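Here the structure comes first, spelled out in C-alpha cells, and everything after it is commentary.
Just so we're on the same page: letters track the sequence lines, and every chain starts at 1. Note that the coordinates shown come from a computational prediction; the quantities given were computed from them, not determined experimentally.
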Amino acid sequence: MDNAQLLISGLANGCVYGLIALGFVLIYKATEAVNFAQGDLMMLGAFVTIGLTNAEYMGLPFWLALPISLGIMGVLGYLLDRLIIRRLFGESQTAVVILTIALGFVIRFVAGLIWGHEPQTLQNPLAGKEARFGGLVLGMEDVAVIVVTVLLTWGLYQFFSRTKLGLAMQGASQNQLAAYYMGIPVKRVQGFIWALAGVVAGIAGILFAAKGSVDPATGLLGIKAFAAAVIGGFGSLPGALAGGLIVGVIEPFASRYIAAGYSQIAPYALLLAVLIFRPNGLFSQVRVKKV
Amino acid sequence: QTQGVTDDEIVIGSVNDLSGIFAAVGVPATKGANVVFDRVNAAGGVHGRTIRFVVEDNGYQMPRAMQGYNKLLNRDKVFAMLQSLGTPMNLAGFKLLDPKGIPNVAPLTSSQKMLQEPVRNKFTSFSTYFDQARVGVNYLASEFGSQTVCTMYLPTDFGEEILEGSKAGAEEAGIGFGTETTHKPDETDFVGSLSKLRDEGCDIVTMALGVRQAITVVGTAKKMGLTDMKFLGTSASFLTVVAQVPGGVTDGFYAAASWLDLWARADQPAPAAFIEEYKAATGEDPVGFAMLGYSAAEMMVKALETAGPDLTHDSFIAAMETLDYNDELVGNHISFSPDDHQGADTVFVSVVENGAWKLVHEE
Amino acid sequence: MRIIFKTSYMQDIRPWKDRYQLSLYLILLGVVIAAPWWLDAFYLGELTNVLIWAIAGLGLMILTGHTGQVSLGHAAFLAFGCYANIILIEAGLPFLLAFPIAGILTGIAGVTVAIPALRLHGIYLAIFTMALSILMDDVIVLAEPITGGVAGKYIGGVEIFGFMVDRWATPVQFFWLVLAVAVLVTLGYINLLRAPLGRSFIAVRDSEVSAQAMGVDIAQTKMISFALSCAVTGWAGALMGMFSGAFNNETFSVLISIQLLMMIVIGGLGSIHGAFLGAVVIGFLPQFLSIAKEYVGAVFGGSTVAIPGLEFGIFGMILIAFILFEPMGMYGRWLKIRTWFELFPFYRKDMFKRQKSYLKTERLR
Amino acid sequence: MSDPILTIRNVESFYGPIMAIRGVSLDVHPGKIVSILGANGAGKTTLMKTVSGVMDPEKGKISFDGVEIQGAEPHKVVQKGVVHVPEGREVFPLLTVDENLSLGAYTSSDRGQIDHDRELVFSYFPILKERRTQEAGTLSGGQQQMLAIGRGLMANPKIMLLDEPSLGLSPLLVQEIFGILKRLNDEQNMTMMLVEQNANAALELAHHGYVMEVGRIVMDGPADELMQSEDIQNFYLGVQEEGARENRRWKRKKTWR
Amino acid sequence: MSLLEFKNVTLKFGGVTAVNDLSFSVEDGEVFAIVGPNGAGKSTVFNLISRFYEPIEGSIRYDGHNLLQVKPSGVAAFGVARTFQNIELFEHATVLQNLLVGRHRHRKTKLLSEVLFLPSARRQEIENREKVEEIIDFLDLQAYRDKMISGLPYGVRKVVEVARALATEPKLLLLDEPASGLSVEETTDMRWWIDDIRRQMGITVLMVEHDMALVSGVSDRVLAMADGAMLALGTPAQVQSHPAVVEAYLGKVS
Ligand SMILES: Nc1ncnc2c1ncn2[C@@H]1O[C@H](COP(=O)(O)OP(=O)(O)OP(=O)(O)O)[C@@H](O)[C@H]1O
Ligand SMILES: Nc1ncnc2c1ncn2[C@@H]1O[C@H](COP(=O)(O)OP(=O)(O)OP(=O)(O)O)[C@@H](O)[C@H]1O
Ligand SMILES: [Mg+2]
Ligand SMILES: [Mg+2]
C-alpha cells in the first residue's frame, strides 16, 4: 500500500520531468540542438498563464486563458527561433547550447521583472480536488499530468514516425544539407518545432504550476529533466518519458528508504549508473559510424 | 577621514542576491532599503551627507560575491555593509571586512555565524535560525503535547543550523528527536520523505527548505491525510505568499521568525504607513522582505544620526551599541550593547489561518 | 602586409611565428607583470580574478576544446583542488609543496572519473560530469571530517620563500603568484600542443576512428586529457579558494561549471587565447556592467538600484550577442581582425561574410 | 535551338577569402546533357552548389526557366525542379532506405507517382529493395551512392545536377548508371548537368562539354568535338604514352593554362 | 609465411552476411587487390583488419601474430596503416598536423618531456617533420601543407589520406578505393605512387579498387569477392576473364 502510494505519486511527478524532457527531445530530434532554456520556457509558460488567469492579474477564466497562453508560448517559441536561434543556423551545436543557457538568464530576468521573485500558484479548476483509488490518493492535478503527458508523448511519437513532416524533421536533423537537397525548407521546419516546443513548455508549466507553485528560479528544474531525457536516450520521445518516470519514481523511494544525507543523491547516482552501463541512454539513438 | 565618508556622502555597500535562487529575498529587501535612503537623501541626508547604497549582485555564487566585495571595498570604498545575503558569502566577506573594521550590519541570514569573532564590527538584527527552531519546537510541544520532532532540510549551513535548533528544542521540551530527511533545492516531490516521517511517528516537522518546497510539503501532507503532523518553518519560509496559497493548502503551517507578518497587520499604523510609502515610491505592493530591508535601513540611518557629524567606524559602532527602540513596523524590540550585537532576540511563532499569518506565541 | 619565409623546420615547431610576434607577447607579459604599478587595488583584484578563471579555462580547454570531451562538471574539480590544497596546508605542508600536489591529486581524481566515462560522448558526457558537479556539494557535506562540511574552511595567507602571499593583506604578491601559475600552465599547454600528445588529443576530437587507425589509444588519450585538464583546474580551484579565503559546499556550485563552459565557448574552443579572452568576458563583464550602471545612474540621477537583477539580464543579452556575432568565439574574430591587418590593403569588403553552412548529425560515432 | 533552361552568367563564389569559381558562364538547353570536366579543386562541386542554392554566389546571375535563382534558399530551387545529387552521397544515415527515398519525394504529394517512382528506383537498383529497412548509414559506400541517385530520381526533376554519380560504383554499375541516365534523357527528355571524372563515359553521354580549371571555364564545345581535342584526350581521357614510366614526371603543359 | 592471413572468417550484421567464410593471404611485398560488386564486403575486410569489427568465426593472422587479440589502436603498432573509403581525416587540423598524427606510433617521449618540451621532444619533432616532408614531397602535397582539411577538394583529401597512412611508415598499407573521385590524370599519378610505395619503400599494399585499369596496372594478385565470399583469386588477367567476375562485377566490357 505504502509503496503503491510512493510509486503512483512518483509517476505523477516523473511525468512532469517527462514533459520538460519532451521539450528537450523535440528540439533535439528535429535540429540536434540542445535547448538549455527549456526549463525556463516552462517557467515562463506557467507565469504567462498565471498572468492571464489569476485574479490579481488579468483574471480571465481558466479555460479561456489556457489556449491563449499556449498560443503565446507557441508564438514565443517561434520568435525565439526566428530572431535568435536561426542566426546560428549551421553553426556548431556548442554555440547553440551556450546561447540557450544565456537565453535562460534573460528569461529568468524578464520573468522576475514582470511577476516578481516570490512563488506563485496557478488558480485552476483542479486545485484541491483529489482522486482516490482504493487507499491511494492522487491530486486531480496529478491525474491530469499523467494523462496529458502520456497522450502528448504518444501524439508526438506518431507525428515523428508517421507524418511526412515528422520524417523531414528527422532528416533535417541528421543532415541539413541533404534535407535542403530534398527540398525540405529546413529553417521553416525548425521554426515550427521551436513553436511546438514552446507549446509543450507551456503545457508543462501550466501543469507544474497547478501542482505546486512557480518562481523565476523554477527553470533550474530543467537540469533534472535534462538528466531524465539523457537517461532515456536523448532523441527518443518514449525515452524522455521513461527517463522522467525513472527519476520521478526513484526520488520518493530514495527519501523513504535511504538514510538522510544520502537520499537526495539518488537520482544523480542513478543517472551515473545508467550512463556507465548504457552510455547512450536506455533507448539509444547513437550509432557506430560505418567507415 | 574614514573610508566611505566624505563631506557630503556616505557609501553603504551590500552584496546581495538579485538574480539567483534567493532573489525573492534580495530583491524586495534592496527595494525596501532604497525607499528609506531615497527619502532620507531627499530630506538632505544624515548630518548633511547623502547616503549612497551600492548593491552588488552575487547571484548566490561565491566568485561573484568576492568580486562584489572587491568592488565595494577597493573601488567604492564603502563605510559599512548592510543586508548582505548568503551565509557562505558573508563568511568569506568577513575575511576582508574584519581587518579594516568595516561594520557588517543586519545581514540577510539568520545564521549564528554572523556574530563570530571578532564580534566588534558585526551587528545582526534578528534571532538566529537556531533559536527560531528551538523556540518553535518548544512551543508546539507544549501546545499539542507532541512527542517526536523531525527535520527536513537542505544539507547546507542553513539546514544544519535548523536541525541543531530542532534537536535543542526537543531536548528543552523533554521530547525525542525522531529522524531527519535531506533534500535538494530542485526536489519537487516529498511523498517518500513524508511517509518516512509518518512511519517514524513524527508529529512536529521542522523545515529548512526553499519557499516553494515548503508549500509543496505542506500540501502533500494534506493530501496524504497527515493531519496531526505539525509543520514548522523559520524566517526563511515566513512569507505572506505562503499564507496566501489558494485553496487553503498551507492552513495550519507554523513559522517561527523574528518578525511579524506585514499584511496580517496592514491595518495597524506602522505597517499601513510603510505600505503606503512603499507603494508611492515603487508602485507595487511590498512583501515581507521589503519590510525587513526598510527597517534595516532605518536602523542604519538611526545609527548614523546618533554617531554624529564626526563619522568614523568607532563612532558608528559606539552609536550602534546604544540603539534601543521598538521597531513598530517589524514588531520587535531592537537593542544593542557593547556585549550584545544581536538586535532583537524575540521569536514569534505564527500560524496560517484563513490565508493569513496569525501570531500565536512570542518569546 | 607581412610575409614570413620559412627556412627551417623549427619555425613551425617554435610556438611563435617570428621575432616580431615573440616580442609582442613578451611586451604583453611585461605589461601584465607590471600591473601593480599601473592598476589600483580594485582592478588588480579583478585582473587576478580573471587570471584565475583563465587558468580554469585552460584546464577545461584541454578537455573540451582540444579533446572534444564536453564537461559540464568542472566546478567539482575546482572544489577538489581547493580542498586538497587547504587540507595539505593544514596538515603542515608548505604551500610550495601542497599546491602542486593538490593539482596532481585532482588529476588523479579526474582519471578516476574518466574511467567510467570513457564510453560517453557529447551530451551524455556533459550530463555525466554535470551530475558529478551536483553531487560534489553532497560529497563535501558527507566528508565532513576532512572538508569541514557546511561550516566550510578558511585559508589565510601562505608563505613562499619567506614572502607572505595573501589576497587581501598582500594583493600584489598574490597577483604575481597567480600570474606565475597562469604563465607556467600556458607554456606547458603550448608545449603540449606542438608535441605528439597534443596532436593525439585533436585526433580523438576530430575522428576517433582514424585516430585509432593511426595507433592512438583512445581510452588512454582521454584519460591523460582528463588528468591534465583536472590538474590544471585543480590549481585554479586552489587559487580560487585562496582568493575568496573562505569556502564551503555551496561555493563551487554547478552554475560555476556552466559558466566555465560558457567561458571557453565564447572565448573560442580549441585555442589558448580563447581561454583568456573568455575569462575576460565571464570574469570581468559583470563587474563592468555594475560599474557602467553607476555612470548610467549618474546621468539619469539616482545612485540606487533601479531594476534589481538588471545587470544579470544584460549579461545574458550580451552573451547572446557575442555568440550571434561570432559563433566560433572571440578568438575566431581576433584571427579575422589580424588577417585584415596582415592583408592590408588587399582585403575585400565581404571577405569574412559567412557562407551558408550546414550541420551533420553527431549521433554517429 | 531552343532557349537555354539554365543559364549561368559570370558567377563568382567564395569560401571566406578564397575565390573558388571566378566568373563562370554556361548554358544548359532543355533536354540536353551538359558535362563538366576538370581536375581536382577546379571548382566543379562549388559550381553545382552555387546553382542549387546551398552556396551564395558573390557575383553573377543564374536563371532557371527564366527566373533568377542565384542566392535563393535551396529548397526553393528544388521546388522549381532542380535536383542535386551531391558529391559524397549525403544520405540520411539514421533513416532507412525507404525513408530516404520518401524524403527524396518530399516536394511531391502524388502518392501514385511516388509509389511508381519507388518501384522504378528499385528496378534500377534491386539491392536497395532488398535493404529497404536497413539504416542508410550502414550501407556500403556504393550502395549509398545508389541510394543518393535513386533519391534524386524520386523528385521527378526538370533538371538533375549530378556530381560524380559513378563515384565508388562497380564497373558493371557504372555502365548501368550511364545507361539509366541515357534512358532518362531519351525517354523523359530530362535535362542534366553532369560532373564526372570518368570523362570518357561522360562525354559519350553528353551533348555538350565544358572544361574547368582553377575556377574558370577554359574550354567548351559539343561533346564529340571535345573528344577529338588533343588536350582533352591527354588529360581527361588518358589516351597517352601507355605505361611510359619515365614520362611520368614530365607532364605536358596544358595549353590553356 | 604470409604477411596477412584470413582463415574462414565470417561476419554478420543482423541478417546480412558481410563476410562469408573468407580465406586468403597476402604475401610480403606484393600488391594485392580486392575487387567485387558494391556491398561485397571489401571494406568490411579492411574493418576487420583494423579491429573495428569482431568476426564471429575464423582467424586473422598478421606477421605471425593473432590479430584478433590486438585492440584497434594496437594494429598500427604492428605497422598496418589504412585509408578510408569515405575519407576520415582530422577536419579541423592542417594537412601537416594530420600527417604528424600519423607519426604517433613512433612516439618515444613521455608526458613530462613533452610538457616541458625537453630537447628529446624537440629532436623527435624535427625527426617527425623530416619524415613527413619526405612524404609531402613524394605525393606532391607541398601546396597544401598548411591548409585546413575542411577546405580541401575531394581529390586532395584522398591523397592526404594516403600520405597520413604512409607517415606511419607501415609494413602493410590498406587502401580503400584510392582512386575513386580522381581524374584520369590523377589516377595515373596514383598508379605510379602505388608502384613506388611497393618498390622504393618496400611496403606491401592491400587495395580495394573499382578502377580495373589501375588494378591490372599495379597489382600482382587480385581477389574477387561477391556477397562476402571469394569468387576468384589470381593474376589480374585471370580474374578479369573469370566468367563469374565478368557476370557479377565487370559487365560485358564494351
Ligand atoms: N569548405 C571550403 N573552405 C575553403 N575552401 C574550399 C572549401 N571547399 C572547397 N574549397 C576550395 O574551393 C576550390 C574548389 O573546390 P571544389 O570542391 O569545387 O572542387 P572540385 O572541382 O569539385 O574538385 P574534386 O574533383 O576534387 O571534387 C578548391 O580549391 C578548394 O580548395
Ligand atoms: N554496420 C552495419 N550494419 C549492417 N549492415 C552492414 C554494416 N556494415 C556493412 N553492412 C553491410 O555489409 C555489406 C558489406 O559492406 P562493405 O562496406 O564491406 O561493402 P563493400 O564491398 O566495401 O562495398 P562498396 O564497394 O560499395 O564500398 C553491405 O551489404 C552492407 O550493407
Ligand atoms: Mg567535387
Ligand atoms: Mg567499401
Side-chain angles (χ1 to χ4, degrees), chain C residues 4 6 8-15 17 62 65-66 68 107 184-221 223-225 227-228 231-232 269-271 328 355 357 360 364-365, chain E residues 46-47 50-52 71-84 87-94 96-98 100-118 121-122 124-130 132-133 145-146 149-150 161 164-165 167-168 174:
Chain C
I4 300 160
K6 288 190 182 160
S8 101
Y9 293 156
M10 274 322 283
Q11 264 171 298
D12 279 335
I13 295 172
R14 267 198 318 250
K17 270 201 251 157
I62 297 175
H66 278 113
L184 289 178
V185 168
T186 309
L187 290 179
Y189 202 155
I190 292 173
N191 286 339
L192 192 71
L193 285 187
R194 53 187 174 139
L197 191 60
R199 284 193 299 266
S200 66
F201 288 172
I202 294 175
V204 167
R205 176 190 72 190
D206 282 2
S207 166
E208 288 195 9
V209 179
S210 49
Q212 271 180 332
M214 295 299 117
V216 176
D217 185 331
I218 306 286
Q220 195 190 335
T221 308
M223 256 149 61
I224 296 176
S225 177
L228 291 176
V232 172
L269 276 180
S271 71
M328 304 297 286
Q355 255 298 349
S357 53
K360 280 191 195 165
L364 290 181
R365 282 283 154 201
Chain E
F46 276 23
N47 289 339
S50 295
R51 302 284 297 114
F52 295 155
K71 54 182 176 177
S73 59
V75 177
F78 279 150
V80 181
R82 71 169 287 179
T83 66
F84 296 88
I87 305 187
E88 290 285 332
L89 287 167
F90 308 117
E91 286 278 319
H92 304 285
T94 62
L96 190 60
Q97 282 173 316
N98 267 272
L100 284 171
V101 173
R103 301 291 305 158
H104 192 82
R105 82 176 180 102
H106 300 282
R107 174 179 177 222
K108 287 182 211 72
T109 45
K110 288 275 177 305
L111 174 64
L112 203 61
S113 52
E114 290 184 14
V115 170
L116 300 176
F117 217 72
L118 297 179
R122 178 181 310 261
Q124 176 178 287
E125 273 312 286
I126 295 179
E127 201 178 301
N128 283 344
R129 185 62 195 271
E130 258 161 19
V132 164
E133 284 302 327
R145 198 185 279 119
D146 291 319
I149 300 295
S150 52
E161 272 225 319
R164 186 181 62 178
T168 67
L174 313 178

Review point. Cation over ring, C:Arg194 on E:Phe117, under 6.0 Å and within 45°?
Key: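 Yes, C:Arg194 lies over the aromatic ring of E:Phe117.
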
Review point. So which of C:Ser210, C:Ala213, C:Ser200, C:Ala219 has the largest heavy-atom pair count under 4.5 angstrom toward chain E?
Key: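 It is C:Ser210.
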
Review point. Of the listed residues (C:Ile190, C:Asp217, C:Ile218), which shares the most heavy-atom pairs with chain E below a 4.5 Å separation?
Key: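 Max contact count across the listed options: C:Asp217.
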
**Study point:** Lys/Arg-Asp/Glu bridge criterion (N-O < 4.0 Å) met for E:Glu127, E:Arg103
**Key:**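 Looking at E:Arg103 together with E:Glu127, the answer is no, because their closest N to O distance does not fall below 4.0 Å.
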
Point to revise | Presence of salt bridge, E:Glu125 and E:Arg129, under 4.0 angstrom | key: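 Salt bridge: no.
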
Exercise for review: Name the member of E:Arg51, E:Arg105, E:Lys71 that forms the most heavy-atom pairs with chain C at distances under 4.5 Å.
Suggested key: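 When all of E:Arg51, E:Arg105, E:Lys71 are compared, E:Lys71 has the most.
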
**Study point:** Contact leader toward chain C among E:Ala76, E:Ala121, E:Ala93, E:Gly102, where contacts are heavy-atom pairs under 4.5 Å
**Key:**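 With the most close heavy-atom pairs to chain C, the winner is E:Ala76.
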
Review point. What part of C:Leu228 gets closer than 4.5 Å to chain E, counting heavy atoms only: side chain, backbone, both or neither?
Key: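 Only the side chain of C:Leu228 comes within 4.5 Å of chain E.
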
Sort [X] into side chain, backbone, both or neither according to what part of it lies under 4.5 angstrom from a heavy atom of chain C.
X: E:Arg82; value: both
X: E:Val75; value: neither
X: E:Arg164; value: both
X: E:Leu116; value: backbone
X: E:Thr168; value: side chain
X: E:Phe78; value: neither
X: E:Glu161; value: neither
X: E:Ala77; value: neither
X: E:Ile149; value: neither
X: E:Asn98; value: neither

Short question: side chain of [X], backbone of [Y] - any donor-acceptor pair under 3.5 Å?
X: C:Tyr189; Y: C:Ile62; value: yes
X: C:Arg205; Y: C:Gly65; value: yes
X: C:Asp206; Y: E:His92; value: yes

Practice item. Could you tell me which non-hydrogen atom of E:Lys110 sits nearest to which non-hydrogen atom of E:Ser113, and how far apart they are? Key: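 Taking E:Lys110 first and E:Ser113 second, the nearest heavy atoms are O-OG, 2.9 Å.
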
**Study point:** Pair E:Gln124, E:Thr109: side-chain N/O donor-acceptor within cut-off below 3.5 Å
**Key:**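 There is such a pair between these side chains.
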
**Study point:** Donor + acceptor pair across side chains of E:Glu88, C:Ser207 (<3.5 Å)
**Key:**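 Yes - a donor-acceptor pair under 3.5 Å links their side chains.
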
**Study point:** Minimum side-chain heavy-atom gap E:Phe84-C:Val209 below 4.5 Å
**Key:**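 Touching, per the 4.5 Å side-chain cut-off.
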
